[in-house]
Structures are given as structure tokens and as C-alpha cells.
2 protein chains.
Amino acid sequence: MGTDPTDTAAPRATPDEAAGDLSPWSTRPDPEAERRAKRMAVLRSAARQFNEKGFRATSMDDVATALQVTKPTIYHYFASKDEILFECVRLGLSQIREGTTGAAERGGTGLERMQAMVHAYALSMTHDFGICVSRTGDAELSPESRAKFRALKREIDDIVREIIEAGIEDGSMRSEDPKIATFLVAGAINWIARWYRPDGARTREEIADFAVQHLTRALAA
Amino acid sequence: MGTDPTDTAAPRATPDEAAGDLSPWSTRPDPEAERRAKRMAVLRSAARQFNEKGFRATSMDDVATALQVTKPTIYHYFASKDEILFECVRLGLSQIREGTTGAAERGGTGLERMQAMVHAYALSMTHDFGICVSRTGDAELSPESRAKFRALKREIDDIVREIIEAGIEDGSMRSEDPKIATFLVAGAINWIARWYRPDGARTREEIADFAVQHLTRALAA
DNA sequence: ACGCGACCTTACCCGCGGGTATACTGGCGA
DNA sequence: TCGCCAGTATACCCGCGGGTAAGGTCGCGT
């Protein structure tokens, strides 16, 4: 049993000093990178099932069995179902934010930045966590998570609105009500998550490109 | 008790013949109109709560107590929670369909019909049952209801797409992919249900008017 | 060697909520 | 005056699912 010398690992060099844990030697199977990888696997699997069956209709047993483990294993990595959902939408929102802020900070006219922004945003809506953002209603989160969720979504809306306002200011765009225009644009993009299918007639990129074309036409001066 | 002659009704004329039940005399408190009114009250109350808290988070007790009755009373009028949700979305969808088909069948260019269609559709998304349509995911319905729900939604999409295609044909509109354009337009409109608040800065009509202006600009030739 | 701690299991708890069995009431027709 | 039926209530059932208690195993550092 325990006496079997399964010496599968590489030569274990005795760390000549307490050189921290950065040494590429040390323990082979990684300290906590594995933990993060497992957390990530849980989130991916959960997000996919949430998107398919809905959050409430997906039980923790569903999440666990999809990963071939049992429920308490999941709870070893996450405190609650709410935390899992929140992490999913947080990941989705940070991906969207990276894309949209990247577009906002690049050079060019407002219209050009808008084009880059729509492209990045639309692409995000075809990936698991982005879909999760669109499909998750405020009601499914705990009050605290809901507050953070709303704040993060609001950030995205603000970025979009600021780009539109900048475009109006520099004359490359026009709209009588940038606030409502923002909601309509965001709605068209968010809704992609509801109908996009990976095996559909169009690729992600084609959809994103078309969304850019269609949505900017409504605002171009 | 029962001897109290509460003769609140109009003079009860003895029906001189078995003249059916169409006579405006006959029994005062109506035969089944009241039943329909009560069913409708249940649906209204349920829809509002579904929109506010979400379908799964709204219990049948919630629906009942909001109407100052108890659960079995609700089940006297509806067979299941699923039926209630389905009736809500059916009402919402038929309202949308009336508006959009009305627009499709009126005269004028494709663009003009599109304007009328967007206006009616957007208006529907600011009313209880329309909001219900937008917020209800396929996953919350039973398999049978889900199939019907999808078929009805598909009808709406078809109407929108046909208007767009007609507009392209008559030269009043242009788009490289009417199918995806339909989804983007429908998405922008459906999403209204997610952010519209009756006490917001804009009235329903203002929002609908602006949606017309914004969304048709993306497709006008 | 030994024990400790990370990890994963089996087995369980318990509240919530959809739905029901049953019984009471009041009004209408005969 | 009797019974029937629509309508409503009280009290209950029970399965589902989030979350936990407690124990086993493996691999590491000492």
C-alpha cells in the first residue's frame, strides 16, 4: 500500500535555501495553480449548464456529476451556489470590460472607437461567461452579489455611453438621446447570447462584424 | 342567514322562453365572465411578480397572498404554475403579434411598415405580459409549453424578418443579412423590458418613438 | 514512521414550495 | 326546504435541492 515507492517525479532537488516558493523545482504538481485550475473547471462547467438549463434548474449535483465528482467536492472550492454564479458573471463582465475599455482608449474618432467596442462586446457574448452575464437576471443572486453585479454592469453601460457621447461631440456620430441609444445598442448585443449557437450558420467573427456594421449605421453622422 | 332578501339585482324577469343565456336579464353576477375576470387577475398579479422577482423565486403562495386568497383558490382556476406562466407569455405574444401584423398589413413602403412595427413592438415591451415574454427563458417552461412558446416567438421573428425583406425588395431599406438584422432589431426591442421603469425619465411613447427613429436608421437605404 | 492537512467520499439534514385531500359556506334551481 | 355545485379555506404530503457532518485516503514535511 503506502510502501510502494512510486517515484514518478523528477529528481527532487533539495532546495538549498528557503528561497521562497518560486523555484521551479520544489513540489511537482504545483501548489495552488491546480486549485485555481479546478475552480476554473467548476466555473466553466457550471456556466455552460446555467446557460443551457437556467440557474435555478441546475442543481449542485448536476454541476458535480458533470465533473465526475460529488457535491462536497464543489463545496471544497466554493462557499455557495451564489458564489459560483457570481464568479461566472464576474469573469464575463471583466472580459467585456477589457474589450470595451480597450476600444475606448484607442485612438480615432468616436465612431471608430464605437466600432471596435461593438466588435469586442459582441464577441464576448458568444462565450460561456459572457452568455452567463446576459442570461442572469438580478433576481437569482443574493442581495450582496446583486449589488456588485449591478455595479459592474453599470460600468459597461457607462463605457458604451461615453463612447457614444464622445462620438457626438467630435461630430462622427449623432443621436438625440445617448442614454436610450446606449440601452438599445447594449440590448441588441446582449441579446446575441440568446440566439447564438456555435453550430449556427455564422461564425462568431461574422456575427460580430455584422453587428458592428448594423449598429454603427444607426448612429453614424 | 339565508333568509335575508338582499334583492340588489335588477328586476329578475322570468325568461319567457329557453332563449339561451344571451338575455341581459337572467342571473346578475354573470355566469362565467366573472371566472374569466378572476383568471385575468391571477395572471396580472403573477406576471408582475414574475417580472419583479423571477419565475422560480415567485411561489404560488406569493401569487395567492398578493390577491388576498389562498393557494387552492389559485389551483381552482389554473392547473399548474406552468400553465400560469404560459398564459402570461401567450397573452404577451398575442399582443405583440397583433401590433406587428397590423403594421405588416398596412400600406406603404417596407420602411414605413417597419416604423409602425417597431413602435407597436416596443410599446408592448413596456407592459406586464410583454415584459414577461422577454424575461422568460425557455428553461422555465415544461417541454410542451416550451415548444408552443418557441413557435409563437418564431412567428414574431418571421413577421419582423418579412417586413425587412420586403423593405429591401422595394428599395426602401438595405441589409446584407436580414436574418441577423432581425435578431439585432428584436434584441434591442426585447431588451427594453429589462430596463424600462414606469417611473423613469421617459414615457412609453417617447421610448417607442425613439426606438423607431434609432432602429430604422440602421436599415434605411 | 508519523502525523498533518488537502481533498474527496457516503450519508444525512431540513426547509421550501408545488400540489392535494377534505371540509365548510352560500346561492341557485327544483 | 332540500340538495347541488362553485368557490374558498385549513391542513397536509413529499420530493427536490442547498448545504453539512464525519470519516477515509494520499502525499507531503519532519
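Chain letters run A, B, ... following the sequence lines, proteins first and then strands; every chain starts at 1.
D:dG18 atom C1' lies 10 Å from atom CZ of A:Phe55, rounded to whole Å. Remark: P of C:dG5 and NE2 of A:His76 are 13 Å apart, rounded to the nearest angstrom. In this structure, B:Phe78 atom CZ and C:dT20 atom C1' are separated by 18 Å, rounded to whole Å. We find that CE of B:Met60 is positioned 17 Å from C1' of D:dC13, with the value rounded to whole Å. Rounded to an integer number of Å, the gap from A:Asp61 CG to C:dT9 P is 12 Å. The distance from atom CD1 of B:Ile74 to atom C1' of D:dA9 is 13 Å, rounded to the nearest whole Å. Following rounding to the nearest Å, A:Tyr75 (OH) and C:dC12 (C1') show an atom-to-atom distance of 15 Å. Remark: C1' of C:dG19 and CG of B:Asp82 are 14 Å apart, rounded to the nearest angstrom.
Comparing C:dT9, D:dT8, C:dC7 by their closest approach to the side chain of B:Tyr77 singles out D:dT8. Side-chain proximity of B:Arg35 to D:dG19, D:dG7, C:dG18: nearest is D:dG7. Checking D:dA9, C:dT9, C:dC7 against the side-chain heavy atoms of A:Val69 singles out C:dT9 as nearest. Of all nucleotides listed (D:dA9, C:dC8, D:dG18), D:dG18 comes nearest to the side chain of A:Ser59.
For the side-chain contact (heavy atoms from CB on, under 4.5 Å) criterion with B:Leu219, the lone passing option out of B:Val185, B:Ile163, B:Val118, B:Leu184 is B:Val185.
Residues B:Asp138 and B:Phe149 share a closest heavy-atom pair of OD1-CE2, 3.7 Å.
Taking the ring axis of B:Phe86 as reference, the NZ or CZ atom of B:Lys148 stays within 45° of it and closer than 6.0 Å to the ring centre.
Below the 3.5 angstrom threshold, one finds no donor paired with an acceptor across the side chain of A:Lys81 and the base of D:dG17. Within 3.5 Å, a donor on the side chain of B:Lys71 pairs with an acceptor on the base of C:dG18, or the reverse.
We find the CG-CZ distance between A:Asp177 and B:Arg202 to be 4.0 Å, quoted to the nearest 0.5 Å. Between the OG atom in B:Ser124 and the CD1 atom in B:Ile156 there is a gap of 8.5 Å [rounded to 0.5 Å].
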